[in-house]
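Everything on this sheet refers to the single structure shown next.
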Amino acid sequence: MAQPHYSFHIPTLLVLFFFQLPFSWSAQVQVVTPPLPILPLPSYSQLKWQQREIIMFLHFGVNTFTDSEWGTGRENPSIFYPTGLDTAQWADAAAGAGVSLMILTAKHHDGFCLWPSKYTDHSVARSPWKKGHGDVVQEFIDAVRARGLDAGLYLSPWDRHDPRYGHVKLYNEYYLAQLQELLTRYGDVREVWFDGAKGPNAPNMTYYFNDWFSMVKELQSAINIFSDAGPDVRWVGNEKGYAGTTCWSTINATSLSIGNGSIIDYLNSGDPKGTNWVPAECDVSIRKGWFWHKSQAPKKLTQLLEIYYKSVGRNCVLLLNVPPNSTGLVSESDVQRLKQFRGAIDTIFSTNLAEKCWVEASSQRGGENGGGFGPKNVLDDDHLWTYWAPSEDEKENYWIEFRTRTKRITFNVVRIQEAIGLGQRIKKHEIYVDGVRVAKGTTIGYKRLHRLEMGIVDGFSVRIKIVKSKGIPLISSVGLHFDPFWNPN
Ligand code: FUL
């Protein structure tokens, strides 16, 4: 057999040598890449939703005029008569609270529609308001857009007025027809709310959720669908606005169903083994009821802050209901409370005492000069895509520490955020001040707030230990804050 014959052409070799050289050099100073994600990951719209932190709900309809929470469906549309309806005032109230998304009850359980639906006459079209020519949904959308905010809509599946309810095919057709109206007539809608509530004596009804969800996604590309079961945002399992102290954005969607009381604990805490990204939304009203009642007043600031720490501070979005009154305005007491609430949040979080500190960590991806993943990243303004990453060689006992030499730092709130764009990872963490443990917890997620049970602490060093994590933990932001409204006693 003939041997292969190699011939070497000297000039070609020289050219190859000189051209290859820069490439092999550059290989030595290669920029360190981000770590691999841990699935599941949020979608683009879910990430956007999460960063809103507080969104606003508006329950408005015939109940506003009858002093009730669940209408019977037999209300005469003539009672709907807001004499001074001003949706721009609603949007101003939301903006004053730093809210970027407002969700209106286009139809509640009573079946009365705030827009002139062509599929029913049980709507604003039969009310004296604007002589039957008004459209609250349109006015709401216009005001929200004019303010640079986003809009969402609630369309109650349970309908106590429409005779088609209980006739499965007919009612699903009706419901889908209304969804099509709402999602094609009014431009971009960022969230649609499918409520699971239904009275005990309501007729049996199978909702065609798959048809509804598919239709929603067909008509709106950047929308999130909320329901007990997602698919984009899940209910947190209560109406107090409280998430679990453990709260995963991951869950197994196959274990969820709508209107199923037995899964509320699962909804409240999520599932570390969950294969779906379905973060929780905490709905609660600023007043006792969802609808406006003359006799009710807004919750106190301390109650709202408690809700904030237990919702946004536990990896969730807070959906705060602020019901317009029978004039068609957000009551002045609520407007003032919202401003106070926003003012308090800004006071607490606008100063980060960690910024004055040296930052060190147990290790860092790519080494100290490897670039990109050092612990200082937790002090910049990007709370998603710049983060501290330890080395992959480190397997446990990850820590990041903030130190000051001259003056003790005094604080009572610790904020920790994970780089959730690469998956939610942290299972257990602890916080130490000068070597003494001051707080511990399980999940972190987008944002975890510890309002210290012991009140104000001071010290020269604050160490956050990540005790358990899926893969390496990725921390995008840390804050040490002072909350003047917090008094643990
Ligand atoms: C519940 C409803 O029954 C309430 O009336 C309210 O709309 C609340 C947000 O959801 O399930």
Side-chain angles (χ1 to χ4, degrees), residues 46 49-50 52-61 63-64 69-70 90 93-94 97-109 149-158 189-198 223-244 247 249 251 256 258-261 263-270 278-293 296 298-299 303-324 330 334 337-338 341 445-447:
Q46 287 171 320
W49 166 90
Q50 186 91 48
R52 296 180 189 274
E53 298 202 355
I54 304 180
I55 59 180
M56 192 185 281
F57 223 167
L58 297 112
H59 277 67
F60 187 55
N63 297 343
T64 311
E69 280 291 311
W70 279 4
W90 304 358
V99 159
S100 65
L101 170 70
M102 302 171 75
I103 303 176
L104 174 67
T105 51
K107 178 182 91 166
H108 202 251
H109 308 329
L149 311 178
D150 290 321
L153 295 170
Y154 169 119
L155 183 68
S156 171
W158 182 33
V189 175
R190 298 292 185 211
E191 184 162 336
V192 62
W193 230 80
F194 293 123
D195 195 320
K198 183 174 169 178
I223 200 165
N224 285 308
I225 300 177
F226 167 98
S227 83
D228 291 4
D232 302 312
V233 176
R234 72 178 197 259
W235 184 41
V236 77
N238 63 61
E239 292 183 343
K240 291 190 291 202
Y242 296 170
C247 190
S249 292
I251 203 157
L256 305 179
I258 299 176
N260 172 1
I263 56 168
I264 53 175
D265 292 337
Y266 189 61
L267 289 171
N268 201 236
S269 60
V278 193
E281 188 172 270
C282 302
D283 59 319
V284 64
S285 185
I286 195 167
R287 291 159 169 244
K288 187 162 179 289
W290 292 101
F291 284 87
W292 176 81
H293 306 279
Q296 295 180 358
K299 291 185 165 74
Q303 287 173 289
L304 292 181
L305 285 172
E306 172 90 6
I307 290 170
Y308 180 81
Y309 280 102
K310 290 183 172 171
S311 55
V312 176
R314 290 180 179 173
N315 184 35
C316 293
V317 166
L318 167 59
L319 173 57
L320 181 62
N321 179 64
V322 184
V330 173
D334 300 30
R337 187 66 87 246
L338 287 171
F341 183 37
Y446 177 67
K447 185 175 275 191

Partner set under side chain to side chain contact (heavy atoms under 4.5 Å, CB included) for [X], not counting sequence neighbours:
X: P231; answer: F213, I225
X: E306; answer: Y242, K310, R451
X: A229; answer: S227, L256, I258
X: V317; answer: W49, I55

Only counting residues at least two apart or in another chain, list the ones meeting salt bridge (Lys or Arg N to Asp or Glu O under 4.0 Å) with [X].
X: E53; value: K447
X: R190; value: D150, D188
X: D283; value: none

Once side-chain hydrogen bond (donor to acceptor under 3.5 Å, both in side chains) is applied, do any residues pair with [X], and if so which ones, sequence neighbours excluded?
X: N260; result: S257, S262
X: E69; result: H293
X: S156; result: H109

[Y] and [X], any side-chain heavy atoms less than 4.5 Å apart:
X: R287; Y: D334; answer: yes
X: I264; Y: W235; answer: yes
X: P298; Y: L304; answer: no
X: N63; Y: W70; answer: no

Could you tell me which non-hydrogen atom of [X] sits nearest to which non-hydrogen atom of [Y], and how far apart they are?
X: C316; Y: C282; answer: CB-SG, 3.6 Å
X: L320; Y: S285; answer: CD1-C, 4.2 Å
X: V312; Y: L318; answer: CG2-CB, 4.0 Å
X: V236; Y: A280; answer: CG2-CB, 3.9 Å
X: P279; Y: Q46; answer: CD-NE2, 3.9 Å
X: L58; Y: P324; answer: CD2-CG, 3.8 Å

Query raised in the report: Are the side chain of N268 and the backbone of G244 linked by a donor-acceptor contact shorter than 3.5 Å?
Result: yes
Query raised in the report: So, the side chain of T64 versus the backbone of F60: is there a donor-acceptor pair under 3.5 Å, distance only?
Result: no
Requested in this report: Hey, could you give me the CD1/CD distance between I286 and Q303, rounded to the nearest 0.5 Å?
Outcome: 10.5 Å
Report summary line: Output for pair (Y266 OH, R234 CZ), nearest 0.5 Å, gives 8.5 Å
**Report entry** Partner of L153 by side-chain contact (heavy atoms from CB on, under 4.5 Å), out of I223, I103, V189, T105
**Finding:** V189
Query raised in the report: Of all residues at least two apart in sequence or in a different chain, which pass the ring pair (Phe, Tyr, Trp, His ring centres under 6.0 Å) check with H59?
Result: F57, H108, Y154, W290, F291
**Report entry** Partner residues of Y446 under the ring pair (Phe, Tyr, Trp, His ring centres under 6.0 Å) criterion, sequence neighbours left out
**Finding:** none
Report task. Let me see the working for L149 and M56 under side chain to side chain contact (heavy atoms under 4.5 Å, CB included), right down to the final yes or no. Result -> CA-CA 11 Å; L149 311 178; M56 192 185 281; over 6 Å; no
